[in-house]
Asks: 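Can you read through this structure? Questions will come right after.
Each chain gets a letter, A, B and so on, in the order its sequence line appears, and its residues count up from 1.
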Protein chains: 2
Amino acid sequence: MFEVFQQYLQTKGAFTVQELDMIREQHFIKKLRRRQYLLQEGDVWKHYAFVSKGCLRIYYVDEKGVEHIMKFLTENWWAGDRESLLNSTPSEYYIDALEDAMLVMFTKENFERLCREIPTLNNMVNMLVHRSYVAANHRIHAAISFTTEEKYQHFIEKYPDLLGRVPLHMIASYIGVTPETLSRVRAASVKK
Amino acid sequence: MFEVFQQYLQTKGAFTVQELDMIREQHFIKKLRRRQYLLQEGDVWKHYAFVSKGCLRIYYVDEKGVEHIMKFLTENWWAGDRESLLNSTPSEYYIDALEDAMLVMFTKENFERLCREIPTLNNMVNMLVHRSYVAANHRIHAAISFTTEEKYQHFIEKYPDLLGRVPLHMIASYIGVTPETLSRVRAASVKK
DNA sequence: TTGAAACCTTGACAAATGTCAAGGTTTTTT
DNA sequence: AAAAAACCTTGACATTTGTCAAGGTTTCAA
């Protein structure tokens, strides 16, 4: 399973064989069954976790008990709660597996030591956060100015593989509408 | 004007006197009049810009000609378009001054050279992006699960100084509703 | 200083979305 | 294989929001 992660690394930077070995030495594998939690509200997240197989979601539950999905996490994405990791504060989020999944993981201490020892890795992480920030701004853009239909179209263009892989009511949650509304918008756009 | 920026730097990291001098040498000051543009759609953003005085906004204009405000930028914030800066692509955004403003600026080349020479500065920037990412996630959280009233309350709790400093219709734009809706929601919450 | 522009609110009505309930299908679990 | 749970859609109705129009105030610029 580490091979998937190694391939990912090689697309992100010019790592030497020695560096890849150093990284391999620190990793461990976590298998998750469908519906199993990786993180629960109140936990402090202290890892770096790369999804090598499967699909997860990160979500929170509001005061009324409604779930709101922040993100779907599939192959070649990182899972976790950066805020909890950065500030060592209890997470507001849950992460669970929508399909059986396989993660390449590191403890915070080990991974951050590797970052200090391997500048290429450090640069990769900084670039990753940078790009995540840009992507988050695109999501804000969509949230404040798109119609529901546009949000849905945008979603399936951006994540075509997720349509069919995750239930529609979760896509509705991700774009911020009720399942009924998404169902009606889909029915209306088929007609056109 | 550099003093405001220097004070900011000193709260963010332990810079030596020499390092602060190196930074000072590269900076230049830009004054903006109210309504003046700092960036227009189509431009490639190639600077780092720190707001030492005044208030700006970053926004885009949709196909219907409606403006959507991504962010207000006041004292001690950074102005610019990270996406355009990172990828050297034309910006989708406009930045203009809502009040006369004063910016401490650097060219991309100079600032990034300083980052290579001064690790403390580099760490500061990475931390900044990291925190911006976390803040963007909070905004997504609000956008997909808050009612209009909650979005407005959240806004004035988070940015109490901006209420009174920027027009309400721009706050409406920021939270993603029409000015009329915000006006009604405000009227309704006074009654309670 | 005076006219113009920007700003905020309100009303009336249309459109979009949420809520609650029901039913049929598919998937999962026992 | 049968029962249970999850999933998706639709209808009816209430609520929220958008749109268009108008009017009064404040702010800005010539």
Side-chain angles (χ1 to χ4, degrees), chain A residues 32-36 54-55 57 59 62-69 72 96-101 142-156 162-192, chain B residues 32-36 54-55 57 59 61-69 72 96-101 142-153 155-156 162-192:
Chain A
L32 280 184
R33 285 282 174 73
R34 186 175 142 83
R35 298 188 183 239
Q36 192 178 336
C55 180
R57 62 173 175 163
Y59 67 99
D62 69 21
E63 330 76 58
K64 291 166 199 151
V66 180
E67 295 176 358
H68 298 276
I69 297 179
F72 297 103
D96 65 9
L98 301 179
E99 306 167 353
D100 292 354
I144 66 175
S145 65
F146 284 7
T147 64
T148 297
E149 183 179 353
E150 287 167 342
K151 287 175 192 170
Y152 176 67
Q153 285 299 333
H154 184 243
F155 181 89
I156 61 180
L162 286 181
L163 184 65
R165 196 170 176 186
V166 304
L168 285 173
H169 70 88
M170 292 193 187
I171 296 178
S173 170
Y174 180 93
I175 67 178
V177 298
T178 60
E180 292 93 336
T181 294
L182 180 59
S183 183
R184 289 186 180 109
V185 166
R186 276 163 46 91
S189 67
V190 166
K191 269 187 214 153
K192 292 193 301 198
Chain B
L32 280 184
R33 286 281 175 74
R34 187 176 141 82
R35 298 189 183 241
Q36 193 179 334
C55 181
R57 63 174 174 162
Y59 66 98
V61 179
D62 69 22
E63 328 76 59
K64 291 165 201 152
V66 180
E67 296 176 357
H68 298 276
I69 297 180
F72 297 104
D96 65 10
L98 301 179
E99 306 166 354
D100 292 354
I144 66 176
S145 64
F146 284 7
T147 63
T148 298
E149 184 180 353
E150 287 167 343
K151 286 175 192 170
Y152 176 66
Q153 286 298 333
F155 181 88
I156 60 179
L162 286 180
L163 184 65
R165 197 170 175 185
V166 306
L168 285 172
H169 70 89
M170 291 192 187
I171 296 178
S173 170
Y174 180 93
I175 67 179
V177 298
T178 60
E180 293 92 336
T181 294
L182 179 58
S183 183
R184 288 185 182 108
V185 166
R186 276 163 47 90
S189 65
V190 166
K191 269 187 214 154
K192 294 195 299 199

Asks: With sequence neighbours left out, write down each residue that passes side-chain hydrogen bond (donor to acceptor under 3.5 Å, both in side chains) with A:Q36, or none if nothing qualifies.
Replies: none
Asks: Between B:R34 and B:R184, just flag the one whose closest nucleotide in DNA chain D comes earlier from the 5' side.
Replies: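 The answer here is B:R184.
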Asks: Using the heavy-atom set of chain B and a strict 4.0 Å cut-off, write down the first and last nucleotide of DNA chain D that makes it in, 5' to 3'.
Replies: D:dT17 to D:dC28
Asks: List for me each residue that meets side-chain hydrogen bond (donor to acceptor under 3.5 Å, both in side chains) alongside B:E99, sequence neighbours excluded, and say none if there are none.
Replies: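 B:E99 satisfies side-chain hydrogen bond (donor to acceptor under 3.5 Å, both in side chains) with B:R165 only.
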Asks: For A:F146 and C:dA16, what is the distance between atoms CZ and P respectively, to the nearest whole Å?
Replies: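 Distance, rounded to whole Å: 18 Å.
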Asks: Please report the shortest heavy-atom distance between A:E150 and A:S145, naming the atom on each side.
Replies: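 Reported closest heavy-atom pair: OE1-O, 4.1 Å.
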Asks: Has the side chain of A:R57 got a donor or acceptor atom that lies under 3.5 Å from a matching backbone atom of A:F72?
Replies: no
Asks: Can you tell me the distance, in whole Å, between the CD atom of A:E99 and the P atom of C:dT27?
Replies: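 These atoms are roughly 14 Å apart.
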Asks: Name all residues meeting the side-chain hydrogen bond (donor to acceptor under 3.5 Å, both in side chains) criterion together with B:S183; count only those two or more places apart in sequence or in a different chain, and write none if there are none.
Replies: none
Asks: B:A142: which residues meet the side chain to side chain contact (heavy atoms under 4.5 Å, CB included) condition with it, sequence neighbours left out?
Replies: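 By the side chain to side chain contact (heavy atoms under 4.5 Å, CB included) rule, B:A142 matches B:F146, B:H154.
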Asks: With the side chain counted from C-beta on, respond yes when B:L163 and B:L168 share a heavy-atom pair under 4.5 Å apart, and no when they do not.
Replies: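 Sidechains of B:L168 and B:L163: in contact.
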Asks: Which heavy atom in A:C55 sits nearest to a heavy atom in A:A101, and how many Å separate them?
Replies: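 Answer, listing the atom of A:C55 first, then A:A101: N-CB, 4.4 Å.
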Asks: For A:D100, give me all partners under side-chain hydrogen bond (donor to acceptor under 3.5 Å, both in side chains), at least two apart in sequence or on another chain.
Replies: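 A:D100 satisfies side-chain hydrogen bond (donor to acceptor under 3.5 Å, both in side chains) with no residue once adjacent residues are dropped.
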Asks: Which part of the nucleic acid, if any, lies within contact of B:T147, taking any heavy atom under 4.0 Å across all strands shown: a base, the sugar-phosphate backbone alone, or nothing?
Replies: nothing
Asks: Determine to 10° how strongly the helix from C:dT1-D:dA30 to C:dT30-D:dA1 is bent, judged from the axes of its five-pair ends.
Replies: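 End-to-end axis angle: 60°.
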Asks: Do any of residues 165-179 of chain A sit with a heavy atom less than 4.0 Å from DNA chain D, and if so which?
Replies: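 A:P167, A:L168, A:H169 - these, ordered by number, are the residues of the stretch whose heavy atoms sit under 4.0 Å from the strand.
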Asks: Give every donor-acceptor pair under 3.5 Å between a side-chain atom in residues 169-179 of chain A and any protein atom, sequence neighbours left out.
Replies:
unit_1	atom_1	unit_2	atom_2	d
A:S173	OG	A:E67	O	3.3
A:S173	OG	A:I69	N	2.9
A:T178	OG1	A:T181	N	3.3
A:T178	OG1	A:T181	OG1	3.0

Asks: Just verifying a value: how many Å separate A:I156 CD1 and A:R186 CZ, rounded to the nearest 0.5 Å?
Replies: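 If we round to the nearest 0.5 Å, A:I156:CD1 and A:R186:CZ are 8.0 Å apart.
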Asks: Using whole Å, what does the distance between atom P of nucleotide C:dT17 and atom CD of A:E180 come to?
Replies: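 Whole-Å distance recorded here is 13 Å.
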